[in-house]
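Quick note on labels: first sequence line is chain A, next is B, and so on, each numbered from 1.
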Amino acid sequence: MTRSLNSLSLLTGEAPSSPRNPVFHESRLNNLRAVWIAVRLLKITGDPLGTLERCPEADRTVLEALARWARQFTPFVSLAPPQEFLMEVNGSLKLFGGLEVIKKALRAEFERRQITAYLCAAPTALAALWLVRHRSHDVCLPEKLVGSLSALPLGVTGWPENIQSSLQSMGLQTIGDCLRLPRDGFARRIGRQYLHQLDQSLGAYDSWPEFRSPQRLSSVLEFADEIADPAVLAHAGSNLIEDLGKALRKRQIGVASFDIAFQHLHRPATTVCIKLSGPTQDRGRFLRLFLDKVERVVLPAPVIALALRTGRVEATIERNATLFQDSAQPGFEEAIDGLIERLRGRFGATRIHGIDLVEEHRPEAAWTKSTDLLSRTSRDALLVSPWAHRRPLWILPDPLPLPVTGNSLPRYRDQEPLQPKSGPERIEAGWWSGEEVSRDYYVAANSNGERLWIYRDRCADRNWFLHGIFG
Amino acid sequence: MTTVSVEKLINHPHIWQGADSQPSHTIHSTGFKELDNHLPGGGWPTATLTEIILESYGIGELSLLMPALARLNRPQNSEQAAGWILWVSPPFIPYAPALSRHGIDLTRMLFVHAAPTHRDSLWAMEQALRTGSCAAVLAWVQSADETALRRLQLAAEEGCCWAVLFRSKAALQQRSPAALRLQLLREGETTRIEILKCRGGRPGVIRIARSDAGDTEWW
């Protein structure tokens with residue numbers, strides 16, 4: 001086994017700013033010389049008819065690609081996802097020959113990439129953002145800023161619905177209306193952060209996180225000979241991951257995913273993708289997930305090299321390490337994090353899920369799968385519907401039709417008809433969404449002692465169905 | 001007649017000593033008085049494997065566990081972390097409104113649906129037990145050999161996690177290293193619980209009345 005490339009090499013990008021001290025652009029009211037261009041992308045997936053559904057990840061990729069390209073005009077670009085970015089071009093105006101030239105170059109690039117976008121320039125970033133959302137004209141002079149902003153409707157601010165509707169119920173329609181209100185009253189009734197945003201748009205202060213292009217790490221481990229022994233490959237992969245962990249730790253960064261490609265001679269490589277629940281530099285977690293995958297990967301040919309390539313590198317704050325190895329007991333939440341990752345790695349993300357309640361009368365729609373497992377906080381107050389005591393602990397994914405003989409109740413896994421225990425409970429709902437149900441539910445038992453939740457469909461053929469089981 | 005010293009007798013491997021049974025902190029009340037009275041320590045031994053054998057679903061098998069699960073999942077004092085409950089290959093969908101009514105915190109539920117094989121289900125169960133990240137792991141596995149069961153029992157002890165395995169009647173033919181082994185049957189309006197094996201306790205039969213299933217008043 002020989003190492004062709006020693007340690008991990010940097011592929012692209014630059015070090016991300018640490019979450020402890022992000023890089024901000026600062027400008028002050030008394031120094032209003034900044035010129036911001038806000039860019040709002042409308043159709044950014046590149047389909048000319050705009051028929052494709054928007055995908056946040058694809059949008060983000062396009063946005064980042066454009067932001068990287070835009071950095072030829074300015075050292076400071078900031079992303080405002082999902083569909084906007086900002087660039088501060090004051091220092092570049094003279095070099096490129098004025099604002100119009102830069103805007104023209106941007107427009108030409110959008111056309112080349114088949115992207116529909118709007119541009120707007122203003123002395124502050126937030127003002128530029130709000131103006132571009134309303135497709136307004138550029139505001140070049142700071143003294144005209146208040147006048148231009150005042151005419152904008154409240155919708156451009158992107159404030160939450162309830163804030164906007166409460167402002168509208170007070171008769172405030174534009175940003176100008178808000179600016180005319182007494183400051184302390186506005187802060188008290190609406191919220192201090194919204195007052196801050198108004199100040200920010202007028203240039204009281206201006207701070208925006210800088211965009212830095214994402215960074216990836218990669219490394220290749222070449223073998224002197226072709227290797228087919230899975231144990232040797234697992235060991236070699238573990239070495240790569242060990243190095244990755246060290247490199248990440250040295251730079252205080254983490255990754256949320258990485259690929260390991262098993263390269264074959266004269267064949268496309270076999271790649272295993274490893275996804276974590278969030279950016280980390282924990283070697284142990286990388287290794288466990290890798291070994292789970294490698295155990296079950298089918299290699300079509302012997303392997304000549306292993307190549308590791310990480311996803312985007314992100315700044316992380318790791319827990320303090322303990323002095324004594326044996327006391328390094330992971331926290332409860334971290335352990336469940338690791339478990340969910342491993343289960344997802346083995347069974348695929350769709351088979352691992354949580355559940356949640358939905359406020360809905362139709363029994364089959366009163367619950368939902370939730371895939372976002374960790375960010376949810378446990379509720380203090382129980383959200384229990386008043387009918388819950390009549391609901392079974394098991395529900396069938398699809399109601400099961402039950403056979404009926406004569407005029408009696410239906411049968412289920414039994415010769416005798418079911419015995420009704422209680423009911424009926426009538427559920428009629430869903431007509432407004434075209435999924436109308438009209439059913440009479442009963443609790444019934446068969447002679448095996450199984451307690452069942454059955455219903456008779458009141459619509460079409462008045463058939464009987466099994467919907468739940470009292471487990 | 002030969003005299004045998006007491007010390008020799010105590011160290012005799014065939015003599016089982018009741019004193020070193022379960023430590024009391026891993027016992028959780030079942031919520032059913034009759035069952036608590038019968039089980040050693042007065043509740044489910046939760047850092048072990050519990051095997052529940054039943055022929056058909058719908059005889060109160062889940063509601064039997066609900067009081068204990070709710071307590072594990074929603075601890076009384078604030079120092080304890082809320083426990084996660086993992087469900088591995090349940091036969092139907094656990095119904096959220098009913099779980100919520102039993103006091104279960106739905107945000108701490110995790111489901112592995114349709115694991116492709118029994119081995120996968122056992123693997124998931126063992127991993128969850130060993131990491132100690134869950135308070136309870138419920139699994140529906142039809143075939144598991146004695147080695148697999150022993151691994152689960154050891155993993156449950158290691159991770160201090162309650163493993164509950166639901167199995168069909170065929171499992172009665174098999175030896176089991178589980179600390180507690182029950183068979184559930186339906187008898188009229190009661191659920192009949194046959195304790196087949198109970199570490200530190202004795203076998204027996206208990207009947208508990210069903211409280212669910214809407215027999216109680218309706219409106």
Side-chain angles (χ1 to χ4, degrees), chain A residues 292 329-340 342-343 346-347 350-358 363 366-370 373 376-379 382-385 387-397 413 421-423 425 443 445-446 448-453 468-471, chain B residues 55-64 66 73-74 81-84 86 90-116 120 123-124 127-128 131-134 159 185-189 191-192 210 212-218:
Chain A
D292 281 351
Q329 192 66 254
F332 219 55
E333 292 297 310
E334 278 168 58
I336 193 80
D337 225 18
L339 178 68
I340 292 170
R342 295 192 69 190
L343 292 174
R346 176 138 174 171
F347 300 118
T350 51
R351 286 200 175 140
I352 314 299
H353 63 85
I355 50 170
D356 212 346
L357 288 174
V358 179
W367 71 283
T368 177
K369 286 183 185 181
S370 64
L373 290 165
R376 298 190 299 162
T377 48
S378 55
R379 279 191 216 98
L382 284 175
L383 183 79
V384 182
S385 81
W387 303 281
H389 69 281
R390 282 181 249 137
R391 297 287 179 264
L393 277 161
W394 292 124
I395 192 158
L396 271 60
R413 292 179 13 128
K421 293 288 173 187
S422 59
E425 177 190 355
V443 177
N446 65 5
N448 298 340
E450 292 167 60
R451 194 56 64 90
L452 309 163
W453 202 42
I469 296 172
F470 288 88
Chain B
E55 195 50 16
S56 57
Y57 302 108
I59 56 172
E61 71 278 9
L62 276 189
S63 37
L64 181 66
M66 280 301 145
N73 176 233
R74 246 180 221 282
W84 283 80
L86 176 70
F92 311 101
I93 298 163
Y95 194 42
L99 289 175
S100 178
R101 183 186 86 88
H102 278 97
I104 301 274
D105 179 0
L106 296 178
T107 59
R108 293 283 177 277
M109 294 275 123
L110 186 60
F111 297 87
V112 179
H113 258 297
D120 286 317
W123 177 87
Q127 295 310 319
T131 52
S133 50
C134 298
L185 298 160
R186 187 59 200 263
E187 259 187 11
E189 292 306 303
T191 304
R192 176 187 159 103
R210 292 194 68 171
D212 65 332
D215 293 343
T216 47
E217 100 280 10
W218 268 68

Point to revise | Rounded distance [0.5 Å steps], CG in B/Leu106 versus CG in A/Asp356 | key: 6.0 Å
**Study point:** Atom pair CG (A/Leu393) and CE (B/Met66), whose distance is rounded to the nearest 0.5 Å
**Key:** 5.0 Å
Check your understanding: Got a second to check how far A/Leu357's CG is from B/Ser100's OG, nearest 0.5 Å?
Key -> 4.5 Å
Practice item. Taking side chain to side chain donor-acceptor pair (under 3.5 Å) as the test, write out the residues that go with B/Arg192, two or more places apart. Key: B/Glu187, B/Glu194
Check your understanding: Should the pair A/Phe347 and B/Trp123 be assigned to parallel (<30°), tilted (30 to 60°) or perpendicular (>60°) ring geometry?
Key -> perpendicular
Practice item. Below 4.5 Å from any heavy atom of chain A, which atoms of B/Leu64 appear? Answer side chain, backbone, both or neither. Key: neither
**Study point:** Backbone of A/Ala366 reached by a side-chain donor or acceptor of B/Tyr95 within 3.5 Å
**Key:** no
Revision key, fill the gap. dist A/Arg451:CZ -> B/Ile59:CD1 (nearest 0.5 Å) comes out at 12.0 Å
**Study point:** Option that, when pairs with chain A are counted at under 4.5 Å, heavy atom only, ranks first among B/Pro90, B/Ala124, B/Pro91, B/Ala96
**Key:** B/Ala96
Review point. Which heavy atom of A/Arg391 sits nearest a heavy atom of B/Ala98, and at what distance?
Key: O-CB, 3.7 Å
Point to revise | Which atom of B/Asp120 lies closest to which atom of A/Arg346, heavy atoms considered | key: OD1-NH2, 2.5 Å
Review point. How many angstroms lie between CG in A/Asp337 and OG1 in B/Thr131, if you round to the nearest 0.5 Å?
Key: 11.5 Å
**Study point:** Nearest heavy atoms of B/Gln127 and A/Leu339, plus distance in Å
**Key:** C-CD1, 4.0 Å
Revision key, fill the gap. Applying a strict 4.5 Å limit to non-hydrogen atoms, the region of A/Leu452 in contact with chain B is neither
**Study point:** Partner chain A: residue of B/Leu86, B/Leu110, B/Leu99 with the largest heavy-atom pair count (under 4.5 Å)
**Key:** B/Leu110
Review point. What's the spacing between A/Ile336 CD1 and B/Trp84 CH2 if we round to 0.5 Å?
Key: 5.5 Å
Point to revise | Shortest non-hydrogen contact from A/Leu396 toward B/Ile93 | key: C-CD1, 4.5 Å
